[in-house]
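All chains are named by letter (A, B, ...) in the order of the sequence lines, taking the proteins before the strands, and each is independently numbered beginning at 1.
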Amino acid sequence: GDSVTQMEGPVTLSEEAFLTINCTYTATGYPSLFWYVQYPGEGLQLLLKATKADDKGSNKGFEATYRKETTSFHLEKGSVQVSDSAVYFCALSDKGGGSYIPTFGRGTSLIVHP
Amino acid sequence: EAQVTQNPRYLITVTGKKLTVTCSQNMNHEYMSWYRQDPGLGLRQIYYSMNVEVTDKGDVPEGYKVSRKEKRNFPLILESPSPNQTSLYFCASSFSRGSADTQYFGPGTRLTVL
């Protein structure tokens, strides 16, 4: 079945540092890929998405590129802020599967210190 | 404001006492679902609904019931809660079951079963 693997956290950075959170996936069809962010005490909200190979999703300074050859969708940001502290979830949604059940990674906690 | 609402936000109950967590969306979305979030396990889908009167099991449906009598509402029912259902629950909705559709999440319900 489909699966998403993301790096374990917490990831602890100083403000203005470069961020990478790795995400790899397995899927039977042609999935769309997502990054969701969960701020403390809140529900998840979409950060960015990509629907086909080589697409780049971007939002709020975050970027991720859909790499079919490496089955990856790594999240990057050039300069993190304290306000970016949150839990980040990589997810996929597979067109080819018989049933529609989005698959989420386990989440990666990011802590940014001033 | 477009949103998904859940009630209650916090609930402490005892084993075996039936409870219902309500979920409502005002975006005329067809697709709604329930997830539970547990440390180290990420999000796991409990049930989903593709439209009124159409529901189906997700990854972890045991011990839960749902109904979809109206498009906007999708309550989660625990008829005989047990301590292993202590968790953080999220309701989500999306425009359709399309794989590229963004899911919109409610704020979460933290349930403790004693």
Q: What part of Q38(A) gets within 4.5 angstrom of chain B, counting heavy atoms only: side chain, backbone, both, or neither?
A: side chain

Q: Return the OG to CG distance between S32(A) and D101(B), rounded to the nearest 0.5 Å.
A: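 With rounding to 0.5 Å, OG (S32(A)) is 8.5 Å from CG (D101(B)).
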
Q: For Y36(A) and Q103(B), work out which heavy atoms get closest and say how close.
A: OH-N, 3.0 Å

Q: Could you state whether L92(A) and F62(A) fall into the same hydrophobic cluster, counting links through intermediate Ile, Leu, Val, Met, Phe, Trp or Tyr residues with side-chain heavy atoms under 4.5 angstrom apart?
A: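 Result: yes, single cluster for both.
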
Q: Same cluster or not: F74(B) versus L78(B), using hydrophobic residues (I, L, V, M, F, W, Y) connected whenever any side-chain heavy atoms lie under 4.5 Å apart?
A: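 Same cluster: F74(B) reaches L78(B) through Ile, Leu, Val, Met, Phe, Trp or Tyr contacts under 4.5 Å.
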
Q: Contact part of F90(B) toward chain A, heavy-atom cut-off under 4.5 Å: side chain, backbone, both or neither?
A: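 Side chain of F90(B) only, per the 4.5 Å heavy-atom cut-off to chain A.
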
Q: Using the rule that two of Ile, Leu, Val, Met, Phe, Trp, Tyr join whenever any of their side-chain heavy atoms come within less than 4.5 Å, decide whether L76(B) and Y35(B) are in one cluster.
A: no

Q: Are there more than 12 heavy atoms of other residues, nucleotides or ligands under 6.0 Å from atom OH of Y39(A)?
A: yes

Q: By a 4.5 Å heavy-atom criterion (distance strictly below it), what part of R9(B) contacts chain A: side chain, backbone, both, or neither?
A: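 Contact with chain A is through the side chain of R9(B) alone.
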
Q: In terms of heavy-atom contacts, does CD of E53(B) have more than 12 from other residues, nucleotides or ligands at under 6.0 Å?
A: yes

Q: Taking atom NZ of K71(B) as the centre, report whether more than 12 heavy atoms of other residues, nucleotides or ligands fall under 6.0 Å from it.
A: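 More than 12 heavy atoms, drawn from other residues, nucleotides or ligands, come within 6.0 Å of this atom.
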
Q: How about L43(B) and L44(A): do any of their side-chain heavy atoms sit closer than 4.5 Å?
A: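 Yes - at least one pair of side-chain heavy atoms lies under 4.5 Å apart.
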
Q: Is any side-chain heavy atom of Q37(B) less than 4.5 Å from a side-chain heavy atom of F104(A)?
A: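 The answer is no; the side chains never approach within 4.5 Å.
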
Q: Can you give me the closest heavy-atom contact between Q45(B) and P102(A), atom names plus distance?
A: NE2-CD, 3.7 Å

Q: When rounded to the nearest 0.5 angstrom, what is the spacing between CZ in R106(A) and CG in L41(B)?
A: 6.0 Å

Q: Linking I/L/V/M/F/W/Y whenever any side-chain heavy atoms sit under 4.5 Å apart, do L47(A) and V11(A) land together?
A: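 Yes; V11(A) is reachable from L47(A) via cluster members.
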
Q: What's the spacing between Q45(A) CD and Y104(B) OH if we round to 0.5 Å?
A: 11.0 Å

